[in-house]
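Chain identifiers are assigned alphabetically (A, B, ...) following the order of the sequence lines, protein sequences preceding nucleic acid strands; residue numbering begins at 1 within each chain.
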Amino acid sequence: MSETERMAISTTLEGVEKPVKTVMFRVFRFNPEKDEKPYYKDYEVPIYRFTTVLDALLYIKYNLDPTLSVRYSCRMGVCGSCGMIINGKERLACKTIVLSLNSNIVTVRPLNNLPVVRDLITDFTPFFDKHKQVKPYIIRDDVEAHYDREFIQSMDELMEFMMITNCIKCGLCYSACPTTATDELFLGPQALAQAYRYTIDTRDSGAKERFEAVDTNHGVWRCHFAGACSAVCPKGVDPAFAIQQLKKLLLYRRKKMEKRAPAHESNKPRELLKKVEYPEGWPEQ
Amino acid sequence: MGVDVMRESTLMWLQYITGLAILVLGAIHFASLTFFQVSNYDQALLYGTVVGRYTNIAWASALELFLALLSYHVFNGFRVILLELRQDGLWTKAVNVTMFLAGLVVLLYGTRTIALFMMGGGA
Amino acid sequence: MPASKTIRNMRGWLAGWFRVVQVNFERWLYALHRLAGVIVGLYLIAHIVETSETLVGPEAWDSTMAFLKNPAAHTGLLIIAAAAVYHGLNGVRLYLAASGVGIGRPVRPEWPYTPVSLTSSQRNLAWIFIAVTVVLIIYAFYQLFMISLWGWM
């Protein structure tokens with residue numbers, strides 16, 4: 001970047017060249033090998049205009065305290081690794097700009113309702129186990145039969161569950177849900193939303209199996225529509241909507257869904273290898 | 001136990017249905033305590049008014065139905081809350097059985113009051 | 001591999017069910033619904049015992065009613081009435097939501113991702129029901145305090 005470009009940016013965007021302020025980060029610390037109990041430790045972090053909470057935690061790790069453990073991967077709200085509770089609310093650290101919190105003290109602690117392994121890292125084993133329990137995949141007898149055909153689905157049918165496919169399994173809803181706060185067997189908003197997503201999918205015929213999985217003592221009926229899951233979801237999945245829809249299916253359309261024939265496949269084979277058209281002047285492959 | 005053999009969705013479907021019916025009967029109950037057939041709350045609580053309703057077939061059956069629906073709805077509600085509180089197998093069984101029996105006791109105890117008046121009992 | 005020693009970190013019923021700061025509106029409704037349900041449920045048991053007094057005779061019933069006619073007991077009744085009305089009406093909203101009414105239609109998720117279920121008509125319905133509850137609380141106050149206790153009418 002040339003000097004004039006840098007100048008142009010710094011004059012239009014304040015707080016990019018120099019820190020805007022210093023923010024106190026109050027971070028949850030727990031080392032299972034050394035500590036009997038978790039504790040909070042304070043760190044002073046210089047904050048720029050676009051510093052995210054994840055940036056600040058990495059600043060702490062690189063400059064102030066290398067023992068801080070934090071899980072992250074993509075830094076752009078896609079991998080779902082850096083979910084944590086920031087100033088009392090479940091958020092993705094990588095998508096939370098520190099200045100947007102409007103606070104000079106930022107408290108960071110690991111997600112609720114999942115065992116804490118170390119510092120900000122939680123054990124997602126129960127979360128993924130429940131995800132598996134609801135059979136989050138297309139169930140049909142002929143799925144292997146025609147690898148070169150696709151199943152016919154209309155745009156309207158797709159829109160029924162499109163929203164829920166955005167789920168990145170970050171665990172924010174699981175942490176915010178009031179039922180998971182006491183019920184460790186409750187499937188949780190994420191798994192129940194996935195159960196709905198695959199049940200309503202017209203290509204699927206596994207409604208019966210999935211209903212068996214969710215219609216239990218600790219299944220879909222332990223949701224009381226507190227909506228906490230949807231309020232914290234960073235991807236717009238709206239699990240509360242999906243779970244109410246799942247209840248609707250169980251109450252009114254159980255038999256119909258169980259008997260539903262899955263969408264038939266296209267009678268035209270899919271073009272498996274399309275010839276790539278290179279731009280003019282592109283070297284031959 | 002009856003509660004063990006039913007599907008959770010059946011239990012909760014009943015929870016919704018009884019809830020809606022309770023809303024209607026509850027509205028009648030509130031009205032009967034304040035303005036319906038009486039002029040105020042004190043008058044509704046007079047011994048004569050209360051016993052008059054227990055011995056009237058329409059009122060008595062409405063109250064009995066109200067009681068039956070409530071004893072299901074309330075104790076199934078308690079069951080839900082208690083199941084969310086703890087999860088080990090013994091607790092689940094104990095909660096299911098206790099709540100079923102407690103609902104039955106409340107139903108029978110309330111029915112006794114109405115039935116005895118209908119049979120010309122009471123004082 | 002799960003770590004050798006972890007912290008359980010479950011919120012528990014007080015901080016979990018009744019978390020009311022930095023939460024969405026529906027979460028308040030949920031906490032109140034649960035609280036109101038327990039209040040009314042426990043009152044049912046007391047009420048069944050109370051009404052069985054009529055079997056003992058008019059004197060026993062009248063003395064029980066006279067004993068219960070005081071500001072403290074009537075405040076309790078007012079709370080129970082409010083809880084019953086709120087629980088009943090909010091229950092209708094929950095029933096409608098479980099029937100797919102008032103929670104909107106799925107949308108293509110686009111930034112800033114507003115959840116349809118928390119912005120649809122169920123939220124307006126909740127406000128209407130709260131208004132009805134308030135009106136009925138005022139009526140119950142009129143009956144229990146202004147007429148019964150203070151004898152204004």
Parallel, tilted or perpendicular: ring planes of [X] versus [Y], cut at 30 and 60 degrees:
X: A/Phe124; Y: A/Phe127; result: perpendicular
X: C/Phe145; Y: C/His74; result: perpendicular
X: C/Phe141; Y: C/Trp150; result: perpendicular

[Y] and [X] side chains, donor-acceptor separation under 3.5 Å:
X: A/Gln194; Y: A/His131; value: no
X: A/Asp123; Y: C/Thr6; value: no
X: C/Gln143; Y: C/Tyr139; value: yes

Subject >> Considering all heavy atoms, the nearest A/Asn104-A/Val23 contact >> reply: O-CG1, 3.6 Å
Heavy-atom proximity to chain A below 4.5 Å, by part of [X]:
X: C/Arg93; result: side chain
X: C/Ile103; result: both
X: C/Arg27; result: both
X: C/Val107; result: both
X: C/Gln122; result: side chain
X: C/Trp28; result: neither

Original post:
Salt bridge or not for C/Glu26 and C/Arg123, using N-O below 4.0 Å?
Top reply: yes
Original post:
Does a salt bridge link A/Asp183 with A/Arg222, judged by any charged N lying under 4.0 Å from a carboxylate O?
Top reply: no
Given a strict heavy-atom distance threshold of 4.5 Å, which part of [X] is in contact with chain C: side chain, backbone, both, or neither?
X: A/Arg109; answer: side chain
X: A/Lys37; answer: neither
X: A/Leu114; answer: backbone
X: A/Leu111; answer: backbone
X: A/Asp156; answer: neither
X: A/Asn112; answer: both
X: A/Pro239; answer: neither
X: A/Phe225; answer: both

Subject >> Verdict with supporting geometry, A/Thr67 and A/Arg29, side-chain hydrogen bond (donor to acceptor under 3.5 Å, both in side chains) >> reply: CA-CA 10 Å; A/Thr67 64; A/Arg29 300 302 308 272; 2.9 Å; yes
Residue selection (most heavy-atom pairs with chain C, distance under 4.5 Å) from [options]:
options: A/Glu184, A/Gln244, A/Gln245; answer: A/Gln244
options: A/Leu251, A/Asn87, A/Thr165; answer: A/Asn87
options: A/Val237, A/Asp238, A/Val232; answer: A/Asp238
options: A/Ser175, A/Ala226, A/Gly236; answer: A/Ala226
options: A/Arg118, A/Lys89, A/Glu33; answer: A/Lys89

**OP:** Measure from the ring center of A/Tyr40 to the ring center of A/Phe28 and say whether it is less than 6.0 Å.
**Re:** yes
**OP:** Pick whichever of C/Ser99, C/Pro112, C/Ala15, C/Gly16 has the most heavy-atom pairs under 4.5 Å with chain A.
**Re:** C/Ser99
Subject >> Options C/Leu118, C/Ile7, C/Thr114, C/Leu29, ranked by heavy-atom pairs under 4.5 Å with chain A, top entry >> reply: C/Ile7
**OP:** Return yes when atom OH of A/Tyr39 has more than 12 non-hydrogen atoms of other residues, nucleotides or ligands closer than 6.0 Å, and no otherwise.
**Re:** yes
**OP:** Check whether any side-chain N or O of A/Ser81 sits under 3.5 Å from a backbone N or O of A/Tyr72 as a donor-acceptor pair, and report yes or no.
**Re:** no
